[in-house]
Amino acid sequence: MSSPSPTAPPRSFVWSRRIFLTLLTGFVLLPVYVMASSSLKPLQDVSGRFRWLPSGLTVRPYLDIWKTVPLAKYFVNSLIVAGAATVLSVVVAVFAAYAVSRYRFRGKRVFTVTVLSTQMFPGILFLLPLFLIFVNVGNTTGVALYGSRGGLILTYLTFSLPFSIWMLIGYLDSVPRDLDEAAMVDGCGPLGALFRVVVPAAVPGIVAVAVYAFMTAWGEVLFASVMTNDTTRTLAVGLQGYATQNDVYWNQVMAASLVVSVPVVAGFLLLQRYLVAGLTAGAVK
């Protein structure tokens with residue numbers, strides 16, 4: 001029988017870690033099980049006393065969610081708004097972070113501190129000012145921002161962009177400047193060095209920014225409930241349609257919630273390794 005390694009952790013620590021991780025896993029998966037099991041129950045079973053083991057299973061809620069409310073339209077609206085906000089956040093953040101990371105200019109530190117300090121304020125403080133701005137712009141120029149997808153995209157851009165810039169600055173600082181200099185020696189200008197050298201080297205950081213921006217726009221409720229109408233309503237607000245004056249279709253709510261979470265979960269699993277690399281880069285220099 002081999003003796004334990006001197007550097008191996010104590011057995012008590014190993015078992016304590018296993019027990020803690022098991023409890024943590026159960027704590028995380030328990031709501032998912034309740035949601036999944038409730039989405040496969042008839043409405044009368046969900047409205048009554050909760051049972052851990054369903055007496056009967058049905059996929060009817062997954063078929064009815066598309067008929068009770070126009071979920072497909074809300075799904076398309078969310079994809080357009082979240083996708084456009086993500087693309088704009090990535091594009092603007094790349095240019096801004098590259099300028100801050102590679103060039104010296106007056107007010108550079110003030111700019112970075114100001115960008116990061118905007119995250120200290122709760123979003124609800126900007127609800128009324130943005131609403132008034134959109135209404136006044138529409139009345140003055142005729143450009144309909146209030147109640148449109150474009151207005152919601154600009155709204156989400158204002159929230160995701162500051163943190164996206166700050167995150168990319170830290171990542172681009174970890175990319176060696178020698179790559180830029182080598183590209184310029186080969187005849188590239190600043191933009192050529194950015195697109196041909198820096199951006200390919202910063203793919204993990206860009207993916208992390210994209211995932212953050214997409215998740216911020218995909219699940220937002222407050223501004224989507226105020227800045228949209230029946231035509232431009234997103235999924236986060238559209239789920240309220242399963243509650244009527246007489247009843248709440250809890251099984252359909254659970255089914256729709258699972259369907260809504262599929263794009264985010266799938267994207268996170270596919271881009272997990274880039275996301276971890278992007279979030280940890282720049283932490284140790």
Side-chain angles (χ1 to χ4, degrees), residues 65-97 111 114-168 206 209-245 248-249 252-253 256-257 259-264 267:
I65 57 176
W66 308 98
K67 302 175 183 178
T68 305
V69 300
L71 191 65
K73 181 175 69 174
Y74 300 156
F75 202 94
V76 172
N77 289 337
S78 292
L79 282 178
I80 294 176
V81 171
T86 300
V87 172
L88 290 176
S89 295
V90 169
V91 172
V92 177
V94 165
F95 283 105
F111 172 77
T114 303
V115 166
L116 188 59
S117 64
T118 57
Q119 302 298 300
M120 297 188 302
F121 301 98
I124 194 173
L125 291 180
F126 302 99
L127 179 59
L128 183 58
L130 282 175
F131 174 80
L132 295 177
I133 290 173
F134 287 175
V135 171
N136 290 330
V137 168
N139 295 334
T140 304
T141 64
V143 178
L145 293 178
Y146 173 72
S148 66
R149 294 170 180 168
L152 198 59
I153 291 171
L154 291 177
T155 301
Y156 292 153
L157 183 63
T158 60
F159 290 111
S160 61
L161 192 56
F163 187 75
S164 299
I165 294 175
W166 181 80
M167 186 188 302
L168 269 184
I206 294 175
V209 168
V211 172
Y212 165 77
F214 186 85
M215 294 181 64
T216 300
W218 185 261
E220 202 279 327
V221 178
L222 177 62
F223 286 85
S225 61
V226 176
M227 299 294 188
T228 60
N229 50 33
D230 294 337
T231 304
T232 59
R233 189 167 295 165
T234 59
L235 280 172
V237 182
L239 293 179
Q240 300 176 2
Y242 294 105
T244 63
Q245 295 181 350
V248 179
Y249 301 102
Q252 296 186 36
V253 171
S257 299
V259 172
V260 168
S261 62
V262 167
V264 177

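If you read the sequence from its start, that first residue is 1, and numbering goes on from there.
At a cut-off of 3.5 Å, with distance as the only test, no side-chain donor of S160 or T216 sits close to an acceptor on the other residue.
Looking at residues two or more places apart in sequence or on another chain, you find no side chain to side chain donor-acceptor pair (under 3.5 Å) involving T86.
Checked options T231, D230, N229; the residue passing with R233 is D230 (criterion: side chain to side chain donor-acceptor pair (under 3.5 Å)). Partner Y212 forms a ring-ring contact (aromatic ring centres under 6.0 Å, His included) with one of W218, Y156, F163 and no other, that one being F163.
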side-chain contact (heavy atoms from CB on, under 4.5 Å) between V237 and T234, intermediate numbers included:
CA-CA 6 Å; V237 182; T234 59; 4.1 Å; yes

Steps toward side-chain contact (heavy atoms from CB on, under 4.5 Å) verdict (V69, Y249):
CA-CA 11 Å; V69 300; Y249 301 102; over 6 Å; no

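The nearest pair of heavy atoms linking L157 to S89 is CD1-OG, 3.3 Å. Taking each heavy atom of A82 and F214 in turn, the nearest pair found is CB-CE1, 3.6 Å. Considering every non-hydrogen atom in both I165 and A96, the closest pair reads CD1-CB, 3.8 Å. A243 approaches V248 most closely through the heavy-atom pair CB-CG2, 4.0 Å. Scanning all heavy atoms of the two residues, the minimum distance from L161 to A93 falls at CD1-N, 3.9 Å. Taking every heavy atom of both residues into account, L71 and I65 meet most closely at CB-O, 3.7 Å.
For residues 129-153, the side chain to side chain donor-acceptor pair (under 3.5 Å) pairs, not counting sequence neighbours, are N77-R149.
In this structure, CG on L88 lies 11.0 Å from OG on S164, to the nearest 0.5 angstrom. To the nearest 0.5 Å, the span separating CZ on F134 from CG on L152 amounts to 8.0 Å. Taking OG1 of T228 as the reference point, atom OH of Y74 lies at 9.0 Å (rounded to 0.5 Å). With rounding to the nearest 0.5 Å, the separation of CG in L222 from CZ in F126 is 12.5 Å. With values rounded to the nearest 0.5 angstrom, M227 atom CE is found 9.5 Å from L145 atom CG.
Side-chain atoms of Q252 do not come within 3.5 Å of backbone N or O of A256 as any donor-acceptor pair. A donor-acceptor pair under 3.5 Å links the side-chain atoms of T232 to the main chain of G147, judged by distance alone.
Side-chain contact between L154 and T158 is absent, with no heavy atoms from C-beta onward closer than 4.5 Å. At a threshold of 4.5 Å between non-hydrogen side-chain atoms, the residues V253 and L239 do not count as touching.
The local environment of CG in L125 is crowded, with over 12 non-hydrogen atoms from other residues, nucleotides or ligands closer than 6.0 Å.
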